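Before any comments, here is the structure.
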Amino acid sequence: MGQPVREYLLTLCVTAAVTYLLTGPVRKFAIASGAMPEIRARDVHREPTPRLGGIAMFGGLCAGLLVADHLESLNGVFDLSNEPRALLSGAAVIWLIGVLDDKFEIDALIKLGGQFIAAGVMVMQGLTVLYLPVPGVGTVSLTPWQGNLLTVALVVITINAVNFVDGLDGLAAGMVCIAATAFFLYAYRMWFRYGIEEAAPATLFAAILIGMCVGFLPHNMHPARIFMGDSGSMLIGLVLAAGAISVTGQVDPDALKLFVGSERAATHAMLPVFIPLLLPLTIIAIPFADLMLAIVRRTWQGKSPFAADRGHLHHRLLEIGHSHSRAVLIMYFWSALIAFGMVAYSVHSASMWIVLVIVGLSALGLVLLLLPRFTPRAPRWMEAFVPPRYRRSRTQVVASSAAGSAGAQEAAGTTYEQGDESDEGDRSPVAAGVNGATAVGPRSRFN
């Protein structure tokens with residue numbers, strides 16, 4: 001098929017453009033239909049914000065597949081494989097479940113059942129895991145039942161991992177976009193370097209997923225004017241899982257021509273190639289870790305694993321003292337480090353520089369995480385000469401002045417009635433607006 005770089009880029013751009021242009025009308029439709037839930041205890045925005053952004057993302061997915069089907073270098077993917085149709089069928093099911101949840105707040109178990117149905121629809125059309133590399137053993141061929149069960153489990157886990165991390169403006173779309181970009185580079189290299197045509201569907205899925213996220217992010221960055229909702233988060237999670245399953249399940253390891261020398265050497269040579277593809281935990285490592293921590297935390301507290309709370313990783317970043325934007329950028333940083341680090345290691349596994357760079361960037365990430373703990377405060381007389389982040393906030397100044405005034409009045413024997421305690425203590429109800437969400441500063445988890 002040649003090197004369809006331009007075709008992939010065109011598909012990506014069309015997907016992004018359609019998603020971007022549809023998001024505005026979808027926002028108006030969400031407002032008119034009342035798909036604007038009340039502020040919940042775990043939310044970090046202050047104004048009701050329309051959801052149903054997944055409608056625009058699904059439109060971008062359909063447009064991307066339609067354009068790719070009419071491109072000379074990519075239409076062979078539809079002729080040689082049924083995977084694009086399987087993806088579209090499963091995406092339609094999960095998107096419909098998400099739209100109903102965004103509008104009517106359906107039960108969590110019903111959503112879980114819909115996820116199993118969507119995964120089953122893709123399995124029935126041939127999108128399933130056939131091979132599984134096992135360290136020390138080699139490649140293990142799975143029976144149809146084993147492959148189908150593993151595929152369904154991977155799809156459901158990935159969908160919920162992405163859904164759980166969708167808690168801040170632009171967080172889920174940005175993290176999935178980073179993971180999809182790394183996966184696209186890897187899948188394209190697999191197709192181009194080894195000439196494996198079976199990797200073409202996964203490369204196409206990754207390009208379309210990048211376009212969906214890029215087109216939606218301008219509307220979803222802080223302060224968000226629209227949320228993707230479950231219709232969007234579950235959709236991009238399913239597309240991400242489908243790409244990883246496509247490569248892992250359909251590419252025959254013998255085609256990679258890595259089985260040279262002893263069996264141990266062959267297994268060692270094969271592992272870096274499959275590292276970014278196993279259970280796709282490397283490209284969604286942070287969402288998956290958040291999912292596991294949430295399940296353990298809620299079960300330990302005697303709650304349902306589906307009971308929402310404010311204990312996710314992005315909530316903890318806000319509690320530490322990070323701003324909304326900085327918390328999102330930190331999550332982006334760790335996602336990029338893990339995704340691109342694993343892809344780089346799979347390409348040059350024998351290079352020590354890769355390991356050293358990853359370790360150095362990890363140390364930098366830890367410093368960024370703890371940055372609010374080490375932020376110095378300048379004296380009052382120097383505040384005019386330092387950046388605003390080193391100055392005391394207006395709330396602190398007012399609180400200290402009120403405390404000093406109260407102490408003076410108490411010493412004088414007068415009665416003092418404090419009218420306003422602080423911005424946090426006197427939080428008036430917010431009117432139901434439609435202009436987007438506003439970040440909340442540091443606050444208690446249960447506030």
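Treat the numbers as computed from the prediction; the structure is a model and nothing was measured. Index from 1, following the sequence.
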message = Could you check whether any side-chain N or O of Asp102 sits under 3.5 Å from a backbone N or O of Asp230, counting only pairs where one atom can act as donor and the other as acceptor?
response = yes
task = Have a look at Phe205 and tell me which of Ile245, Ile210, Leu87 forms a side chain to side chain contact (heavy atoms under 4.5 Å, CB included) with it.
result = Leu87
ask   = Is there a donor-acceptor contact under 3.5 Å from the side chain of Asn148 to the main chain of Pro144?
value = yes
key: Tyr20 OH: over 12 foreign heavy atoms closer than 6.0 Å   = no
request  = Could you tell me which non-hydrogen atom of Ile178 sits nearest to which non-hydrogen atom of Ser335, and how far apart they are?
outcome  = CG2-C, 4.1 Å
query = Any idea which heavy atoms bring Gly211 and Thr19 closest together, and the distance?
reply = O-OG1, 4.4 Å
Approximate separation, where rounding is to 0.5 Å, of Ser231 OG and Met57 CE = 9.0 Å
request  = Using atom types as modelled and distance alone, determine if a side-chain donor or acceptor of Thr11 lies under 3.5 Å from a backbone N or O of Gly64.
outcome  = no
inquiry  = Between Leu61 and Ile208, is there a side-chain heavy-atom distance shorter than 4.5 Å?
reply    = yes
Atom pair CD/CG of Glu7 and Leu74 - distance to nearest 0.5 Å = 5.5 Å
ask   = Roughly how far, to the nearest 0.5 Å, is CG of Leu185 from CZ of Arg189?
value = 11.0 Å
task = Classify the ring geometry between Phe58 and Trp95 as parallel (under 30°), tilted (30 to 60°) or perpendicular (over 60°).
result = parallel
ask   = So, Ser33 side chain and Ala30 main chain: donor-acceptor pair closer than 3.5 Å or not?
value = yes
message = For the CG atom of Leu96 and the CE atom of Met234, what is their distance to the nearest 0.5 Å?
response = 9.5 Å
query = Do Phe78 and Leu65 come within less than 4.5 Å of each other through their side chains, counting heavy atoms only?
reply = yes
ask   = Is a side-chain N or O of Asn160 found less than 3.5 angstrom from the main chain of Val156, in a donor-acceptor match?
value = yes
key: Gln115 side chain reached by Ile94 side chain, heavy atoms, under 4.5 Å   = yes
key: Under 3.5 Å donor-acceptor, Thr128 side chain and Gly147 backbone   = yes
Heavy-atom closest contact (Ser233 atom, Asn163 atom, distance) = OG-OD1, 2.9 Å
ask   = Would you say the side-chain atoms of Asn220 pair up with the backbone N or O of Ile226, donor to acceptor, closer than 3.5 Å?
value = yes
Among Leu235, Thr158, Val155, side chain to side chain contact (heavy atoms under 4.5 Å, CB included) partner for Leu240 = Thr158
ask   = Tell me, do Met122 and Leu238 make a side-chain contact under 4.5 Å, heavy atoms counted?
value = yes
ask   = Does Asp169 reach the main-chain N or O of Ala224 with its side chain, forming a donor-acceptor pair under 3.5 Å?
value = yes
note = Residues Gly114 and Ile97: closest non-hydrogen pair is CA-CG1, 4.1 Å
ask   = Under the side-chain contact (heavy atoms from CB on, under 4.5 Å) criterion, do Val129 and Leu154 qualify, and how do the steps go?
value = CA-CA 10 Å; Val129 176; Leu154 289 177; 4.2 Å; yes
message = Measuring only between side-chain heavy atoms, which start at C-beta, is Leu12 closer than 4.5 Å to Phe184?
response = no
key: Nearest-0.5 Å distance that lies between atom CZ in Arg51 and atom CG in Asp101   = 6.5 Å
Rounded distance [0.5 Å steps], CD1 in Ile236 versus CE in Met228 = 4.0 Å
query = Are any of the side-chain heavy atoms of Leu337 and Trp334 separated by less than 4.5 Å?
reply = yes
ask   = Does some side-chain heavy atom of Pro84 sit less than 4.5 Å from a side-chain heavy atom of Leu88?
value = no
key: Shortest non-hydrogen contact between Arg225 and Arg27, atoms and distance   = O-NE, 2.8 Å
ask   = Would a 4.5 Å heavy-atom cut-off, applied to side chains only, mark Val5 and Leu9 as touching?
value = no
request  = Looking only at non-hydrogen atoms, find the nearest pair between Thr23 and Ala56 and report the distance.
outcome  = OG1-CB, 3.5 Å
inquiry  = Are there over 12 heavy-atom neighbours, none belonging to Tyr332, within less than 6.0 Å of that residue's OH?
reply    = yes
